[in-house]
Amino acid sequence: MSISGLFRFPAPLTRLCRVPQGLGLWEKLTLLSPRIAATVVQMAGKKDCPALLPLDENELEEQFVKGHGPGGQATNKTSNCVVLKHIPSGIVVKCHQTRSVDHNRKLARKILQEKVDVFYNGENSPVYKEKREAAKKKQDRKKRAKETLEKKKLLKQLWESSKNSTEKNH
């Protein structure tokens, strides 16, 4: 049997997934049986961080709806917007970031997996922890910027006062 003959099986039996080079390990597709697939996503750059909860394809409800937003006829008349619902939790994700249906499906699953993990694990979720760390870093940056601005104002006032005192003396 040739290699091209391997891919002529019905769609539920085979699934090809290409990962762009340079991204590292973002997504790993594990086939449990011909009809059930669970996606495990590892967070990039976090080797010690546990993987997110896997999604069971039987618990997902997928729809394709017409796009929205800028782009005219190319987006508004094609059904490339993916609406993905996780039935047990009731979480719904709508993804229309690209014109490719396959890419939108992958992105929707990744986003849904993160939301489901936060839903079930709460504050123990790696996604929640990462968002909290990012918010703290942003707050620290704002604080440092405010302190720097205050220092500049103080320096300007000192310079103005020293300039005025030297002019009065002469």
Rounded distance [0.5 Å steps], CD in E130 versus OG in S125: 9.5 Å
If hydrophobic clusters are built by linking Ile, Leu, Val, Met, Phe, Trp and Tyr wherever their side-chain heavy atoms come under 4.5 Å apart, do V82 and L112 end up in the same one? no
Nearest heavy-atom pair of V116 and S89: which atoms, and what distance? CG2-OG, 4.2 Å
Do N80 and H96 pair up side chain to side chain, a donor and an acceptor below 3.5 Å, judged on atom types alone? yes
Within a strict 4.5 Å, meaning less than it, do heavy atoms of the E147 and K143 side chains meet? yes
Calculate, to the nearest 0.5 Å, the distance between atoms OG1 and CZ belonging to T148 and R144 respectively. 8.5 Å
Between H86 and E59, is there a side-chain heavy-atom distance shorter than 4.5 Å? yes
Please round to the nearest 0.5 Å and tell me the distance separating atom CG of L149 and atom CG of L154. 11.5 Å
Shortest non-hydrogen pair, S79 vs F64, comes out as O-CB, 3.7 Å
Considering only heavy atoms from C-beta outward, does the side chain of K131 approach that of V118 to under 4.5 Å? no
Taking side chain as C-beta onward, heavy atoms only, is R109 less than 4.5 Å from E57? yes
Closest non-hydrogen atom pair, Y128 against G122: CB-O, 3.5 Å
Work out which heavy atom in R105 is nearest to a heavy atom in E62; give both atom names and the distance. NE-OE2, 2.7 Å
N104 vs Q97 side-chain heavy atoms within contact, under 4.5 Å: yes
Here the gap from E150 atom CD to K146 atom NZ, rounded to the nearest 0.5 Å, amounts to 7.0 Å
How long is the span from the OG atom in S165 to the CD atom in E160, to the nearest 0.5 Å? 11.0 Å
Hey, are the side chains of P126 and D117 touching, using non-hydrogen atoms and a 4.5 Å cut-off? yes
When you group the ILVMFWY residues by side-chain heavy-atom contacts below 4.5 Å and let the links chain together, are L84 and I111 in the same group? yes
Hydrophobic cluster membership, L55 vs F119, 4.5 Å side-chain cutoff: yes
Does the side chain of K151 come within less than 4.5 Å of L155's, by heavy atoms? no
Between CD1 of I87 and CD of E61, what distance do you get to the nearest 0.5 Å? 5.0 Å
In short, I91 meets K115 closest at the heavy-atom pair CD1-O, 3.8 Å
Minimal heavy-atom distance between G67 and C81, with the atoms involved, is CA-CB, 4.2 Å
When clusters are formed by joining ILVMFWY residues with side-chain heavy atoms under 4.5 Å apart, either directly or through shared neighbours, do L60 and L107 land in the same one? no
